[in-house]
Amino acid sequence: MKTRLIGIGILVVVIVSAVIYSFVTTEKESKEISGYVGGEKIGLLEDEQVKNILNNKYGLSIDYSKAGSIDMVTADFTGRNFLFPSSQTALEIYEQKYGNPVKSEIIFNTPIVLYTRKEAAEAFIAKGIITEKDGVYYIDMLKLTECIESDKKWSDIGLNKLYGNIIAGTTDPTKSNSGNMFAGLLANTLCGGRADESNIDNVLPRLKNIFHKLGYMETSSSDLFDQFLKTGMGAKPLIAGYENQVLEFAAQNPDIWTQIKDDIVVLYNVTFHSFRTLYLRRYEIKTAVM
């Protein structure tokens with residue numbers, strides 16, 4: 001019996017020692033990497049499960065700064081290990097300026113959508129600008145663009161409580177991917193199909209005029225979406241953003257989402273974009289999307 005107890009004691013000491021060694025080793029090998037990320041990805045990087053996976057499995061912690069997708073690939077990123085923009089466009093700009101990164105990888109896809117409130121959606125439906133099928137709402141971008149170009153007012157579609165002309169809020173297309181992708185969607189709409197070198201000279205003046213009507217634009221899609229949720233229909237009746245933003249908000253704020261979900265309407269079109277990570281140094285990051 002005494003021998004057995006001694007054996008068990010030794011086994012316990014070995015297990016405890018192994019755990020302590022593993023913990024100390026993990027701590028010593030942990031590396032902090034830094035980079036720029038789009039605001040809509042901060043929720044992912046702040047998720048405790050994601051941080052645990054990065055730390056425990058790969059020995060990494062992330063120090064990030066928020067920046068628009070276009071901004072980050074044109075900014076000074078000396079000392080940064082990675083960039084986390086949101087599109088192929090950002091990668092192409094980077095490659096034009098600096099050549100190929102060590103590695104780039106598409107890790108998640110989500111569509112560009114428009115967000116509005118239930119009352120506004122009903123007004124658009126009455127004018128044939130939005131249609132609903134099986135609980136999914138679709139917006140006719142051609143009709144919406146015509147409203148913006150012709151300076152139609154919100155009151156013209158029956159929203160008398162809203163002042164000013166109909167616009168779709170978006171981020172600055174020279175700084176942020178969501179604004180850049182929305183500009184591409186508008187360009188395709190204006191040329192009746194696909195904007196390219198053969199028709200861009202005709203489309204560009206109209207596109208510039210539309211964005212001139214929008215006034216000040218945010219540089220972060222997360223900031224714009226946050227304003228849309230918090231300021232109500234009067235301030236942001238219609239915005240462009242990413243579909244994953246509402247999914248993430250609902251998952252992170254279930255109580256608030258229960259209160260507002262019947263008033264938020266997601267409007268779909270067929271334009272897609274992707275999140276892309278550029279690795280500027282040889283750190284292998286496996287990103288887990290929850």
Should [X] and [Y] count as side-chain neighbours, where that means a heavy-atom distance under 4.5 Å?
X      : Y      : answer
Pro173 : Phe182 : no
Ile42  : Val37  : yes
Lys153 : Asp156 : yes
Ile239 : Leu114 : no
Lys31  : Tyr58  : no
Leu144 : Leu238 : yes

Which heavy-atom pair separates Tyr242 from Gln245 by the least distance, and what is that distance? N-OE1, 2.8 Å
Over all heavy atoms of both residues, which pair between Gly179 and Phe211 is shortest? Give the atoms and the distance, please. O-CZ, 4.1 Å
As a quick check of understanding, evaluate side-chain contact (heavy atoms from CB on, under 4.5 Å) for Val246 and Trp257, giving each step before the final call. CA-CA 9 Å; Val246 72; Trp257 178 244; 3.5 Å; yes
Go through the steps for Phe77 and Tyr36 under the test ring-ring contact (aromatic ring centres under 6.0 Å, His included), then give the verdict. CA-CA 8 Å; Phe77 42 76; Tyr36 287 121; 7.4 Å; no
Which atom pairs, donor and acceptor, lie under 3.5 Å between side-chain atoms of residues 119-138 and protein residues at least two apart or in another chain?
{"from": "Glu119", "atom 1": "OE1", "to": "Lys161", "atom 2": "NZ", "distance (Å)": "3.3"}
{"from": "Glu132", "atom 1": "OE2", "to": "Gly135", "atom 2": "N", "distance (Å)": "2.6"}

Write out all pairs satisfying salt bridge (charged side-chain N to carboxylate O under 4.0 Å, His left out) with one or both partners inside residues 244-258, taking only residues at least two apart or from two chains. none
Could you tell me whether the side chains of Thr189 and Thr145 share a donor-acceptor contact shorter than 3.5 Å? no
Side chains of Glu243 and Tyr268: is there a donor and an acceptor less than 3.5 Å apart? yes
Determine whether Lys66 and Asp223 satisfy the following criterion, side-chain contact (heavy atoms from CB on, under 4.5 Å), listing intermediate values before the conclusion. CA-CA 11 Å; Lys66 183 172 72 173; Asp223 291 343; 2.9 Å; yes
Less than 4.0 angstrom from a charged side-chain N to a carboxylate O is my criterion; do Asp47 and Lys51 meet it? no
Would you call Lys118 and Asp263 a salt bridge, using N to O less than 4.0 angstrom? no
With Ser176, the side chain to side chain donor-acceptor pair (under 3.5 Å) member among Thr219, Asp71, Thr170, Thr171: Thr171
Taking it one step at a time, do Tyr163 and Trp154 satisfy side-chain contact (heavy atoms from CB on, under 4.5 Å)? CA-CA 7 Å; Tyr163 297 98; Trp154 292 107; over 6 Å; no
Taking atom NZ as the centre, does Lys213 end up with more than 12 heavy-atom neighbours from other residues, nucleotides or ligands that are less than 6.0 angstrom away? yes
With a cut-off of under 6.0 Å to the ring centre and 45° to the axis, is Arg117 in cation-pi contact with Phe228? yes
Kindly compute the distance separating OG1 (Thr110) from CG (Asn244), expressed to the nearest 0.5 Å. 4.0 Å
Do Leu142 and Leu186 sit in one hydrophobic cluster, given that two such residues count as connected whenever their side-chain heavy atoms are within less than 4.5 Å of each other, even indirectly? no
